[in-house]
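Working notes, beginning with the structure itself.
Residues take their numbers from the sequence shown, with the count starting at 1. Heavy atoms only: backbone and side chains are in, while hydrogens, waters and symmetry mates are out. Nothing here was measured: the structure is a model prediction, and the numbers come from that model.
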Amino acid sequence: MAGCRGSLCCCCRWCCCCGERETRTPEELTILGETQEEEDEILPRKDYESLDYDRCINDPYLEVLETMDNKKGRRYEAVKWMMVFAIGVCTGLVGLFVDFFVRLFTQLKFGVVQASVEECSQKGCLALSLLELLGFNLTFVFFASLLVLIEPVAAGSGIPEIKCYLNGVKVPGIVRLRTLLCKVFGVLFSVAGGLFVGKEGPMIHSGAVVGAGLPQFQSLSLRKIQFNFPYFRSDRDKRDFVSAGAAAGVAAAFGAPIGGTLFSLEEGSSFWNQGLTWKVLFCSMSATFTLNFFRSGIQFGSWGSFQLPGLLNFGEFKCSDSDKKCHLWTAMDLGFFVVMGVVGGLLGATFNCLNKRLAKYRMRNVHPKPKLVRVLESLLVSLVTTVVVFVASMVLGECRQMSSASQVGNDSFALQEYVTFSSTFPRKSRLSEVTSDEVNSSIKTFFCPNETYNDMATLFFNSQESGILQLFHQDSTFSPITLALFFVLYFVLACWTYGISVPSGLFVPSLLCGAAFGRLVANVLKSYIGLGHIYSGTFALIGAAAFLGGVVRMSISLTVILIESTSEITYGLPIMVTLMVAKWTGDFFNKGIYDIHVGLRGVPLLEWETEVEMDKLRASDIMEPNLTYVYPHTRIQSLVSILRTTVHHAFPVVTENRGNEKEFMKGNQLISNNIKYKKCSILTRAGEQRRRSQSMKSYPSSELRNVCDEHVTSEDPGEKEDLLQQMLERRYTPYPNLYPDQSPSEDWTMEERFRPLTFHGLILRSQLVTLLVRGVCYSESQSSASQPRLSYAEMAEDYPRYPDIHDLDLTLLNPRMIVDVTPYMNPAPFTVSPNTHVSQVFNLFRTMGLRHLPVVNAVGELIYRK
């Protein structure tokens with residue numbers, strides 16, 4: 001009964017595909033081995049499992065509830081609030097660690113290389129400067145790739161995987177401590193190595209890992225460290241903390257606690273409540289102010305000033321005091337913003353399409369090869385990126401006139417951004433002054449005379465954050481040719497880079513690429529159309545929002561994140577309009593980049609809503625036919641056999657119905673009519689199998705008949721008719737009866753083979769294995785009351801890594817002993833009838849966080865499971 005979300009999602013995909021071709025059932029497609037319309041479509045994989053978000057209300061849990069009073073309830077709630085605060089603080093410290101060492105390594109690299117360029121520009125030895133830059137970048141990228149080899153899940157931004165986890169899908173290794181360490185150290189090496197990646201996306205993943213691991217007080221990587229912490233031993237609590245950690249990661253990256261909360265709500269969690277909202281917001285606030293406190297103190301020397309709210313700061317947008325015609329934006333500019341949103345959506349769709357093709361190429365040609373090939377690919381990308389950056393900075397740039405503000409202290413390029421932290425961040429109290437000084441100090445004057453600067457080198461030969469600030473706040477102009485070349489080169493290299501085996505984010509590259517596009521639009525409107533009132537920084541910001549929105553397709557949370565990052569509420573309307581238009585335009589062609597990579601991994605993710613065609617289907621059309629069940633009292637031999645021969649993670653607990661109803665029908669017409677009506681209206685297991693067999697034999701598709709003919713060309717017509725029925729019977733043969741003397745016979749009818757079952761509850765695989773490991777059973781000569789009882793703490797002691805049935809020592813078990821599973825099963829799980837519409841089934845899975853959903857008919861007989 002494993003992966004019921006996966007089964008539902010897979011069946012939905014099959015049904016949608018059938019609707020586009022012919023009215024072919026999912027079972028026919030499966031038996032005939034047919035695939036989706038797209039030959040390279042990635043189907044949901046079977047090795048993903050769902051989280052058990054729904055509470056199991058069994059006897060041990062009820063015992064805990066009986067001992068719970070108001071005092072214990074308040075203590076439990078207080079501990080939860082303390083944990084979300086600790087998650088926020090730790091996430092902020094992780095961001096501080098990454099930011100500090102990225103700046104340290106970048107300071108070292110650019111300090112050495114820039115001094116070499118200054119010297120070699122006179123001596124003609126720029127090739128030596130290029131080799132120095134290659135040495136730094138290749139070394140850093142090599143270390144980042146090695147860390148991904150240790151933990152492959154640490155590659156990429158981690159947002160698709162965290163989105164899946166919050167959706168209810170358990171991705172192996174995604175929230176382990178080793179993943180966090182490889183992610184943190186890998187991202188600082190990849191960013192310092194000059195790749196077109198950001199550290200903001202991996203911060204979301206890092207915060208989620210902190211949220212998952214901190215409340216557990218244990219780690220698989222540190223097995224010897226154990227704490228007796230009895231709280232939060234369930235998938236429900238763990239996923240809530242992961243939601244808080246992911247939101248804290250967004251808040252630390254952008255200084256946007258409200259945006260982080262909305263991100264966790266919009267992009268991930270399928271189950272939400274008001275109490276969780278407050279905890280997630282509190283966690284986000286804790287992360288933001290922790291990072292702000294330490295960064296402001298370390299870089300400004302004034303502790304408690306809170307001047308740097310996030311890793312990425314957009315600075316303050318304001319027009320120059322000398323330009324009286326300038327306005328941040330006007331109503332007329334909204335028309336240009338809408339057009340920019342359309343173009344941003346088209347560019348984002350193009351970016352996603354190209355990156356998807358690259359990802360598929362890597363899946364077919366790079367990943368199957370030895371792991372060293374992945375490292376070589378990362379080094380190749382680093383090599384090409386470094387050469388392009390160096391050559392473009394030295395050759396393709398134009399010398400542009402500095403503004404009056406930029407000329408102060410910039411007689412040459414003696415002011416270097418990365419010489420000391422104090423030069424980059426002077427000790428001033430106002431963030432706008434800090435931004436202005438950082439913009440001026442990062443100007444590069446390679447091969448340009450006094451009072452001019454190299455515009456291409458200023459964009460390329462700086463950190464990406466400095467490049468964004470240059471496009472947002474530089475009063476001087478950038479050449480349209482320079483902006484166009486920068487956009488094209490950055491677009492291609494960023495698309496190639498995202499997906500290689502290094503930790504990498506996509507937010508900052510998308511913002512920088514979009515900002516260049518927006519600044520280019522502003523230059524064209526100013527220079528060629530004569531719109532003098534335009535503020536270039538606003539168009540750069542809108543361009544960044546348009547391109548980022550076209551790539552990731554986020555709407556609500558991204559709008560709030562950008563507004564909080566700019567600290568300018570007046571930008572709310574243009575940013576929202578631009579993001580909406582970019583999302584609508586991009587969605588017309590493909591999905592967002594994160595959804596694409598979720599699909600490429602084959603994760604059975606539940607979207608917000610079902611397709612319109614899904615309402616044509618009912619639960620009986622998509623339910624899983626292979627039913628494996630246990631009885632309330634089952635022998636250990638049978639349980640071990642079931643657990644070792646199946647991969648299901650839950651099993652229905654049932655009893656069989658063998659009563660003969662014919663005797664009740666004699667002599668009473670009313671009872672007879674009621675029974676006949678029940679027989680006609682109730683879908684039985686045997687009736688469902690017979691209906692499926694008949695529909696397969698009578699299917700009119702010529703393609704189906706041709707496939708059958710190919711396999712039975714030498715057989716007579718009688719054998720040809722029974723081919724599909726034989727295939728169905730072999731496929732739907734139920735699990736052998738638990739009693740040897742009642743094993744199914746070949747002469748049994750469909751009713752005898754699929755006897756009615758009365759459903760009593762669900763028992764999880766982890767619960768069955770725990771019962772076997774702890775010897776919870778009784779002998780046949782004893783009463784079930786003599787069976788040992790386990791408490792809730794004992795049942796959850798091994799969470800989240802329960803023992804595996806294949807590691808169980810069978811010599812310690814008596815196969816004839818009996819296990820009473822009724823105290824530990826969930827006696828009242830969510831169930832649906834066979835006639836329930838698929839949209840209603842989907843809503844139950846999506847909103848209630850379900851993993852299993854039995855299909856039970858009107859008289860309580862279990863037909864199939866989801």
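Between P503 and V148 the shortest side-chain heavy-atom distance falls below 4.5 Å. W496 is listed as a side-chain neighbour of V381, based on a closest heavy-atom distance under 4.5 Å. F136 is listed as a side-chain neighbour of V112, based on a closest heavy-atom distance under 4.5 Å. You'll find the side chain of F142 stays beyond 4.5 Å of the side chain of F189, heavy atoms only. By the 4.5 Å heavy-atom criterion applied to side chains, V209 and R176 are not counted as neighbours. In this structure, the side chains of I561 and S565 come closer than 4.5 Å at one or more pairs of heavy atoms. Side-chain contact between Y490 and L459: absent, with no pair of heavy atoms (C-beta onward) separated by less than 4.5 Å. Between F101 and L104 the shortest side-chain heavy-atom distance falls below 4.5 Å.
In this structure, CD in Q464 is found 14.0 Å from CZ in F507, a value given to the nearest 0.5 Å. Between the CD1 atom of I563 and the CZ atom of F254 there is a distance of 14.0 Å, given to the nearest 0.5 Å. Once rounded to the nearest 0.5 Å, the distance linking NZ of K183 with OG1 of T179 reads 8.5 Å. Annotation: the span from I159 atom CD1 to I593 atom CD1 amounts to 11.0 Å, rounded to 0.5 Å. Rounding to the nearest 0.5 Å places CG of L146 at 11.0 Å from OG of S501. Note that CG of L471 and CG of L512 are 6.0 Å apart. Values are rounded to the nearest 0.5 Å.
Checked by atom type and distance alone, the side chain of T578 pairs as donor or acceptor with a backbone atom of P574 at under 3.5 Å. Proximity of a side-chain donor or acceptor of S378 to a complementary backbone N or O of R374 within less than 3.5 Å is detected. Looking at T385, its side chain never comes within 3.5 Å of a backbone N or O of L195 through a donor-acceptor pair. Checking side-chain atoms of E564 against main-chain N and O of G259 turns up a donor-acceptor pair under 3.5 Å. Within the 3.5 Å criterion, the main-chain N or O of V141 finds a donor-acceptor partner in the side chain of S145. Checked by atom type and distance alone, the side chain of R239 pairs as donor or acceptor with a backbone atom of L166 at under 3.5 Å. Under a 3.5 Å cut-off, the side chain of S264 and the backbone N or O of T261 do not form any donor-acceptor pair.
Of all the heavy atoms in V117 and S129, the pair that sits closest is N-OG, 3.5 Å. Between G198 and V508 the shortest heavy-atom distance is CA-CB, 4.2 Å. Of all heavy-atom pairs between L147 and C182, the closest is O-SG, 3.5 Å. Heavy-atom minimum distance, V153 versus H205: O-CE1, 4.1 Å. Nearest heavy atom pair, residue R553 against residue G550, reads NE-O, 2.6 Å. Taking all atoms of both residues into account, the shortest heavy-atom contact from A544 to F472 is CB-CZ, 4.3 Å.
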- request: Step by step, work out the side-chain contact (heavy atoms from CB on, under 4.5 Å) result for K199 and L188.
  value: CA-CA 7 Å; K199 56 181 179 291; L188 65 89; over 6 Å; no

task: Start with the C-alpha distance between L265 and T277, add both sets of side-chain angles, then the distance that settles side-chain contact (heavy atoms from CB on, under 4.5 Å), and finish with yes or no.
output: CA-CA 8 Å; L265 171 61; T277 303; over 6 Å; no

- prompt: What's the verdict on side-chain contact (heavy atoms from CB on, under 4.5 Å) for F547 and F351, showing C-alpha distance, side-chain angles and the deciding distance?
  reply: CA-CA 10 Å; F547 186 80; F351 184 96; 4.1 Å; yes

message: Applying side-chain contact (heavy atoms from CB on, under 4.5 Å) to E465 and E200, what does each step give before you reach the verdict?
response: CA-CA 11 Å; E465 291 81 0; E200 285 71 23; 3.8 Å; yes

- prompt: Can Y594 and S157 be said to form a side-chain hydrogen bond (donor to acceptor under 3.5 Å, both in side chains), step by step?
  reply: CA-CA 9 Å; Y594 300 134; S157 65; 4.6 Å; no

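By the 4.0 Å N-to-carboxylate-O rule, E161 lies too far from K170 to be salt-bridged with it. Salt-bridge formation is not detected for the pair D240/K80: no Lys NZ or Arg NE/NH1/NH2 atom is positioned less than 4.0 Å from an Asp or Glu carboxylate oxygen.
Taking the six-membered ring where the residue is Trp, F105 and F140 present parallel rings, their angle staying beneath 30° rather than reaching 60°. Using cut-offs of 30° and 60° on the angle between ring planes, the pair Y498 and H597 is perpendicular.
With a 6.0 Å radius and a threshold of 12 heavy atoms from other residues, nucleotides or ligands, W278 has its CH2 atom at or below the threshold. Within 6.0 Å of atom CZ in F85, 12 or fewer heavy atoms from other residues, nucleotides or ligands are found, so the atom counts as exposed in its surroundings. The number of heavy-atom neighbours closer than 6.0 Å to CZ of F185, taken from other residues, nucleotides and ligands shown, is 12 or below.
The side chain to side chain contact (heavy atoms under 4.5 Å, CB included) test with F110 singles out one residue from V113, L108, T106, and that residue is T106.
No donor-acceptor contact under 3.5 angstrom links the side chains of N137 and S382, judged on distance only. There is no side-chain donor-acceptor pair under 3.5 Å between T458 and Q470.
Ring centroid separation for the pair F293 and F289 does not come in under the 6.0 Å cut-off.
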